Amino acid sequence: MNDTRRSVLDALDDGPVTGPDLAERLGVSRAAIWKHVEALREDGFEIASRDDGYELESVPEFGGPAVEYGLEAPFDVEYHESVPSTNAVARDLADDGASDVVVLADEQTGGRGRLDREWSSPSGGVWLSIVLRPDLPPARVPVITLAAAVAITDAAREAGVDAEIKWPNDVLVGERKLAGILTEMEGEADRVSWVIPGLGINANVDAEELPEGATSIQAEVGVIERRLFVQRLLERFDELRSDPEAVLDAWRERASTLGRDVRVETPDGVVEGEAIDVELPGTLLVETDDGVVRVHAGDCEHL
Ligand code: BTN
C-alpha cells in the first residue's frame, strides 16, 4: 500500500474528516483523495461519506491491504484469492529481485508440502510465502524455518490455540497437525541469494476438509480474524529473524519433541531414541542406544 493511501486510512480511522481537510493535511489534491477513497472501497474497506466527512467503518477480514493496514513489520503483502502455490509465485518474485514481500492466498489449488507431498489448502486457510534475502550461508538457513515455526505457534496461542512445535517445523495441537512449513532457497556455496519459507496454517477451515490427522484453528477455538493473525505472525517473525539465539530459546520452550521418544527417518537411515535438545541451525540431538546422534533433516514421529 502506498504511503498516501496509508495516511488516508489513518486519518479516516481517527474520525470524520472532510475531503478538503484531508487534501490539505496530506498535501495532495481533492481529486487524489477521492481516488484513494474509491480504491480503498474497492479493496473492501467500508468508508462512510456523510455531511461531516469520510469515516472508516470497517476493515476487510483478509487480503493484502487489510493485512498491511496496521502491520508493524516491513513487509509488502501481495494477495491472491486462489493460486496453485504461493511458493511458486514467491519464487518468480525472488527471481525478479523482490525482497521482504509476502505472497498470501485464501486458497491454493496445487499446494506443496515437504518431501514432495501434496498440501491441502482449501479456502479459509492462511497460505503464505515470504521472500527474504538474508545475509546467510546456506547451512544456516534452517534457523529461518525455526523462527517461522515459533511465529506461527505464538500467533496461534494468542488466538487461544494450544499449539506446540514438533521437530523440525510442524505446529501441532496434541498430535494433530495445525501448520507446516516448506522452505526453499537458492544461492552459492557461501551465501544465499533468496530464501522462501512457505507457511501453511489451517485457519478458518472445517477439519473435514483436511487430511486425517490434521486440525484447524476453527476446529479448536472457532473462526478467527485472519488479518490480525497474519499481522501477529509476521511481526513475531520479523522480531526473531535476525536473532538465532533467541529463536533457539523460543523454539525449545515451545517444542513438544524434546524429552520424547522419537523415530526419525533420515536420508541415512532411521534414528530412534530420546530427543534431548536442538542446536543451531536446527539440528536435533537424539540419545540412542549407541550414543547421541545429530539429525539434520528427516521425518520425525513422536513415539
Ligand atoms: C509440510 O509438509 O508440512 C509443509 C507444508 C507447507 C505448505 C505451505 S502453504 C504456503 C506455501 N505454498 C505451498 O505450496 N506450500 C507452502
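In listed order, ligands and their atoms are each counted from 1. Treat the numbers as computed from the prediction; the structure is a model and nothing was measured.
Taking the ring centre of F62 as origin, the terminal cationic atom of R226 falls inside the region bounded by 6.0 Å and 45° from the ring axis.
For ligand 1 and L182, the ligand atoms under 4.0 Å from any heavy atom of the residue are 4 (C), 6 (C). The ligand atoms of ligand 1 that sit less than 4.0 angstrom from a heavy atom of G111 are 14 (O). Within ligand 1, counting atoms from 1 as listed, the ones closer than 4.0 Å to a heavy atom of L199 are 8 (C), 9 (S), 10 (C). Taking every non-hydrogen atom of D170 and a distance limit under 4.0 Å, the qualifying atoms of ligand 1 come out as 3 (O). Taking every heavy atom of S85 and a limit of under 4.0 angstrom, the matching atoms of ligand 1 come to 12 (N), 13 (C), 14 (O).
Here the protein heavy atom with the shortest distance to atom 10 (C) of ligand 1 is T86 OG1, 3.2 Å. At the shortest separation from atom 5 (C) of ligand 1 among protein heavy atoms lies W119 CE3, 3.4 Å. In terms of protein heavy-atom proximity, atom 9 (S) of ligand 1 is closest to Q108 NE2, 3.3 Å. Ranking protein heavy atoms by distance to atom 2 (O) of ligand 1, first place goes to R114 N, 2.7 Å. Summary of contacts: the protein heavy atom closest to atom 15 (N) of ligand 1 is R112 O, 2.7 Å.
Ion pairing between E57 and R50 holds under the 4.0 Å rule for side-chain N and carboxylate O. Note on K35 versus E38: no salt bridge recorded, every NZ/NE/NH1/NH2 to OD/OE distance being 4.0 Å or above. Remark: R252 engages D277 in a salt bridge, criterion side-chain N to carboxylate O under 4.0 Å. Ion pairing between E61 and R227 fails under the 4.0 Å rule for side-chain N and carboxylate O. A salt bridge links E279 with R294; the closest basic N to acidic carboxylate O contact falls under 4.0 Å. Salt-bridge check for R30 with D21: failed, with every basic side-chain N at 4.0 Å or more from each acidic carboxylate O.
Here's the thing with K177: one of its N/O atoms is less than 3.5 angstrom from an N/O atom of ligand 1. Considering backbone and side-chain N/O atoms, W127 never comes within less than 3.5 Å of an N/O atom of ligand 1.
Put simply, the side chain of R112 never gets that close to the backbone of L182: no donor and acceptor are under 3.5 Å apart. Looking only at distances, no side-chain donor or acceptor of R191 sits under 3.5 Å from a matching main-chain atom of P138.
Heavy-atom separations between S129 and ligand 1 include at least one value shorter than 4.0 Å. Put simply, no part of R117 is less than 4.0 Å from ligand 1, judged by heavy atoms.
For N169, no heavy-atom contact with ligand 1 is shorter than 4.0 Å. Contact annotation: for L128 versus ligand 1, heavy atoms closer than 4.0 Å belong to the backbone alone.
Remark: of the listed residues S82, S123, S121, S123 is the sole one forming a side-chain hydrogen bond (donor to acceptor under 3.5 Å, both in side chains) with D106.
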